Every structure is written in C-alpha cells, then in structure tokens.
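Values in this document were obtained by computation on a predicted structure and should not be read as measured data.
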Amino acid sequence: RTAALVHLVFLSLLLCIIQSCNGSIPNKTPPMGWSTWNTFQFNVSDSLLRQTAHSMISQGFLSAGYNYILIDDGWSLCSLHTSDGGCQIPAPRNAQNQIQIDPAKFPHGFNSLTTYLHSLGFKVGIYTAMSNTTCGGFAASLHHESNDVQNFAEWGFDFIKLDTCHQDCSVISGCQRSSATAFSTAIQKFAPHIVFYLDAGNPSSGPRLYNPKNHHVKARQNTKLAHRWQELVYVWANNTVNMFKTWFDRQDNWMSLMDNIHHQIGLEMYQSRGTWNTPDMITTGQGQLKYGQERVEMFIYAVLGAPLVMGADVRSVRKESKELLLKKELIEMAQDEDCVQGSMVRSLGAWEIWARPLKNGDFGAALVNKDGDREHNVTMFLKDDGWCNTGKGDEKGSCNDGDLYPANFENGTKFKIRDVFLEKDLGIFVDQFTVVVPPMDAVLIRITPLTKQ
C-alpha cells in the first residue's frame, strides 16, 4: 500500500508543478463560500444574495475566508414554470443572444448586484449547463459557450458552475469534453480570473454515464460501469477545469456524506494546485446531520483539501455549527497551499483514518468513528515498522505500515500532536498515537515531526 500511495503523491506533486507554472490559475487554494442551491434551490433573488452577504460579514464568515457567493439554477427568465419552481418552457435568448435574466428575481440585472457584492469583498458565481436547458429546465449554454462566458464576464462574475443534466450532451459522444473545453478556452481568452467548476459527478443521469436502457443508476449499483465512463472525465478535467465534482449531489444525511467521501479514494492524482476534487457542497448547518457527523464532514474535507462551500442558510445557522465552520486551524488545514489530496490510509471495522502531508512538513489527520452506538480507541501509526514491506503482516490490522505517507520515520521518532478543533497541544508521542473517538464522530489532529526521517 505504501508504494501505491507514494506513487499517487508523486503524480499529484508533478501535476502541482505543472499547474504552478501556468499563470492562468485563478486561486492557489480551493474556493470557500456559500451557494444558493441546497437551501433555496430555484428561489434565488437579488434580495436573498444581499441579505446573505451582510449576514456572512456580521457573523465572521467573510473574514474567515468564505468569500464566494454562488448563484445556482433558477436565475434566468422562464415562460412557464413547473410546480416546484423549475422551468417547463424557458424564455428564448434576447436579440444579443444572451440568456435573459429574470427581472422579477433580479430587477436591477447582474452588474448592479456583482458590483455591490464586490464592494463588500465578495466574489460572485453563476450557474449554467452543457445542454440546451439546465437541470431545472431553464435556458443553458450548449453551443453558446464562448458567447455566454463573455456575457458572464461582462456581468461581473468570478466563478462559473457548468452542470451536466440531459441526454443532449453525453460522455461517450465527446460532447461533454468538447463543451467544457470550449468554456475553458473562452475563460482563458476573456476572463482568466474566473474559477471554472464542472459538476459532472452524478452517474444517475444519462450524459454522465452511458446507460443504453435509460435507467437510473443508484449509488453503489453498476459502479464498474460508472467508473469506466467517469474516468474518461477525470483524465481530461484536470487540465480543463479548476473544480470537479466526483460523485452524486450531496444530501444532508450520513449515508450521502460517507458515500461521496469514499468516492474520493483513488482520485488523489487528479488534484493539483488550481484543480480541486470536490465531494460537493458541505451540509454542516443545514440541520439534518448530528453535530458529531458535522465534525466528520468538516474534518475529512479539511484533510482532503476540498473546497468549503456552505449550503446552509447562514442567516439562521445554529451556534455550534457556526463555530465549527469558523474554526481557524481547520480552515488553515483545508486551505493548505500544497497540492496533495488526503487519502484514507487505514480502515478497520468501525473506524478509519484519513491523512495528508502539509506544506510546512506537518501532517493533518482525521480519525473517524463510524459506529453510532459506542466509542472506539483509534490508533494511528506514526512510523513504518517494516512488516508490510517484508510481507510479514496480514490484512487484519497487524500490518503496521506507517500512516504518514509518503514519509518513513524511524523507531523512536518524536511527534508533537495538536487537536485542531480544540486548538490544544496533546503532547509528544513516539511511534503511535491513540485517541478515544465518540460514537459517529471524529478527531482532527495536526502532527509535527520533531526529529528527521
């Protein structure tokens, strides 16, 4: 396992070097912010965004780094709405070939809104899709990629989310890659500051997964087929987009959280500086996850180096969730400028460990207890005892391959360990670290080697 992990880290670092030579990278670290979708879906408006912006300022989210406000589906004019607020008949483009903005939702257009949000210190994002209509049925951007990028830039946007929704642009036809590449080319030409996010991670819809019988593919069903076509996207997305969603849309529940997180495994090589894998928006604060489950979400996202985009209504988020979202040292770990996505380095029964190397030589690790009934002692091995490499170990846990990939620390190496959430030093440890993790909860630590490898 160590050799495989080292190989993944090497590839990730190589991609990082390549990307760092590209002057067009809009961000060194993954974006942080808030999106309209999870809570408001199609009910977006000028007033909602302005209210949310002021709330993010007053509650400390902007100063903590959450500086993107992202408009999702539902912003454009619709001739006939569905009962859920989606669109059955989208309005045609105007004489300038622009998607028409809904004047009831945005009476002053977008330039006024983006200028105002910029003046407060925010960056602003817009949504479209590589199809004739969006997932909600509103007008979209297929065959209008360059024109729409120019319009979005002129309207003052700093972020574009490109969704994949319908059968009119499939993976295997090459349409997805062609449309995304057209967007990327236009962004580099007209607005290289724009962060480009491709939401192509949901294998339940036709264009994301070739499905000849047109049946939906449920989570963990037909995963080999799903991965077969998903990997086509992974291969080219790294050089085309800045963010890439890797699996289903997140739901505000435990099963969805762990399913999306586990589908990050094996994608380390596709993350690099300026290109981030994302398990989708965080749902902390939306109210359905228990507090310990929210900690699992935030801690693993920090180790993954994933974008932290909130979906909760920040105007009314509960106190403990807000404090978790604003944890300074957690955010610092999530925003580490190194290029490596964390990996699940150990899994044994009810618990698992995720770890990543950090830029200054430290390591971050999330020790997770998935058992909802009882606490567990979770042990992290800080050095490699050599058993795995000599074939003396087994697959049941006695193979104590070091968890701090790709390093190989000698016996007797000392490590300073700090609880990131509590912002408290836990002491100096040698060879291994054990902590009691409450039911369905996690501990996030920062590990500093005190002696050389």
Side-chain angles (χ1 to χ4, degrees), residues 26 35-37 40-50 68-82 85-119 122-166 168-169 175-176 178-199 207 240-242:
S35 169
T36 60
W37 180 251
F40 299 98
Q41 297 192 347
F42 306 119
N43 299 313
V44 296
S45 67
D46 181 288
S47 60
L48 170 64
L49 270 68
R50 291 175 190 255
Y68 279 88
I69 291 181
L70 308 177
I71 305 169
D72 211 278
D73 205 355
W75 59 265
S76 65
L77 186 62
C78 177
S79 298
L80 180 63
H81 283 279
T82 59
C87 186
Q88 186 172 336
I89 303 177
R93 289 173 175 256
N94 63 19
Q96 290 74 44
N97 197 31
Q98 297 174 327
I99 298 175
Q100 296 191 65
I101 304 167
D102 188 334
K105 296 178 177 179
F106 299 94
H108 310 293
F110 278 143
N111 286 107
S112 172
L113 176 63
T114 57
T115 298
Y116 180 71
L117 294 177
H118 287 156
S119 73
F122 290 99
K123 297 180 180 181
V124 195
I126 191 67
Y127 168 97
T128 189
M130 53 167 73
S131 47
N132 292 314
T133 59
T134 68
C135 298
F138 297 85
S141 297
L142 185 62
H143 307 310
H144 298 278
E145 292 87 353
S146 182
N147 184 76
D148 286 356
V149 167
Q150 291 182 67
N151 291 335
F152 296 156
E154 291 170 359
W155 288 341
F157 288 105
D158 312 284
F159 183 109
I160 295 174
K161 175 181 175 180
L162 183 63
D163 212 340
T164 51
C165 304
H166 303 296
D168 51 358
C169 191
C175 177
Q176 279 197 13
S178 175
S179 183
T181 301
F183 259 93
S184 179
T185 300
I187 287 171
Q188 295 305 314
K189 182 177 180 180
F190 300 112
H193 69 283
I194 286 178
V195 172
F196 182 22
Y197 171 32
L198 177 62
D199 184 342
T240 307
V241 305
N242 303 113

Output, in order, the C-alpha distance, side-chain angles, deciding distance and verdict of side chain to side chain contact (heavy atoms under 4.5 Å, CB included) for Val241 and Leu162. CA-CA 10 Å; Val241 305; Leu162 183 63; over 6 Å; no

If we ignore hydrogens and angles and just use 3.5 Å, is the side chain of Asp73 paired with the main-chain N or O of Phe42 as donor and acceptor? no

Main-chain N/O of Cys78 paired with Asp102 side-chain donor or acceptor, under 3.5 Å: no

Quick one, Tyr127 with Thr36, criterion side chain to side chain contact (heavy atoms under 4.5 Å, CB included). Give me CA distance, side-chain angles, the key distance, then yes/no. CA-CA 10 Å; Tyr127 168 97; Thr36 60; over 6 Å; no

Do you know the tightest heavy-atom contact between Ser141 and Phe183? CB-CZ, 3.7 Å

Please enumerate all residues that pass salt bridge (charged side-chain N to carboxylate O under 4.0 Å, His left out) together with Asp46, with sequence neighbours excluded. Arg50

Check step by step if side chain to side chain contact (heavy atoms under 4.5 Å, CB included) holds for Phe159 and Ser35. CA-CA 12 Å; Phe159 183 109; Ser35 169; over 6 Å; no

Treating Asn147 as the side-chain partner and Asn97 as the backbone partner, does any N or O pair qualify as donor plus acceptor under 3.5 Å? yes

Backbone of Thr181 reached by a side-chain donor or acceptor of Thr185 within 3.5 Å: yes

Got a donor-acceptor contact below 3.5 angstrom from the Thr164 side chain to the Asp199 backbone? yes

Whether Gln100 side chain and Pro92 backbone form a donor-acceptor pair below 3.5 Å: yes

Using the rule ring-ring contact (aromatic ring centres under 6.0 Å, His included), only one of Phe40, Phe157, Phe110, Phe138 pairs with Trp75; which is it? Phe110

Pairwise distance CZ(Arg93) to OG(Ser76) - rounded to 0.5 angstrom: 9.5 Å

Between CG on residue Leu49 and OH on residue Tyr116, distance to nearest 0.5 Å: 11.5 Å

So, taking the atom named CD in Gln98 and the one named CD in Glu154, what distance separates them when rounded to the nearest 0.5 Å? 7.0 Å

Check the pair Lys161, Asp72 against side chain to side chain contact (heavy atoms under 4.5 Å, CB included), reporting the backbone distance first and the verdict last. CA-CA 8 Å; Lys161 175 181 175 180; Asp72 211 278; 2.8 Å; yes

Which heavy atom of His193 sits nearest to which heavy atom of Pro26, and what is that distance? O-CB, 3.3 Å

Do His108 and Leu113 have side chains that approach each other closer than 4.5 Å (heavy atoms only, starting at C-beta)? no

What pair of heavy atoms forms the shortest contact from Cys165 to Thr134, and how long is it? SG-C, 3.7 Å

Treating Lys189 as the side-chain partner and Ser146 as the backbone partner, does any N or O pair qualify as donor plus acceptor under 3.5 Å? no

With rounding to the nearest 0.5 angstrom, report the CZ to OG distance, Phe106 to Ser47. 8.5 Å

CG (Asn151) and CD1 (Ile126) are apart, to the nearest 0.5 Å, by 11.0 Å

Closest contact, heavy atoms only, Pro90 versus Thr133: CG-CG2, 4.0 Å

So which heavy atom on Met130 is nearest to which on Leu198, and how close? CE-CD1, 3.5 Å

Could you state the interatomic distance from CD (Gln41) to SG (Cys135), rounded to the nearest 0.5 Å? 11.5 Å

Contacts of Thr82 that satisfy side-chain contact (heavy atoms from CB on, under 4.5 Å) - sequence neighbours left out: Asp84, Gln88

Do you know the tightest heavy-atom contact between Ala140 and Ile99? O-CD1, 4.0 Å

Across all chains, not counting sequence neighbours, the salt bridge (charged side-chain N to carboxylate O under 4.0 Å, His left out) partners of Asp158 are none

Donor-acceptor pair, distance only, cut-off 3.5 Å: does the side chain of Asp168 make one with the backbone of Asn132? yes

When you measure from the side chain of Gln150 to the backbone N and O of Asp148, does any donor-acceptor pair fall under 3.5 Å? no

Are Ile160 and Ile187 packed together at the side-chain level, in the sense that at least one heavy-atom pair is separated by less than 4.5 angstrom? yes

Would a distance-only check, ignoring hydrogens and angles, find a side-chain to backbone donor-acceptor pair under 3.5 Å from Ser179 to Gln176? no

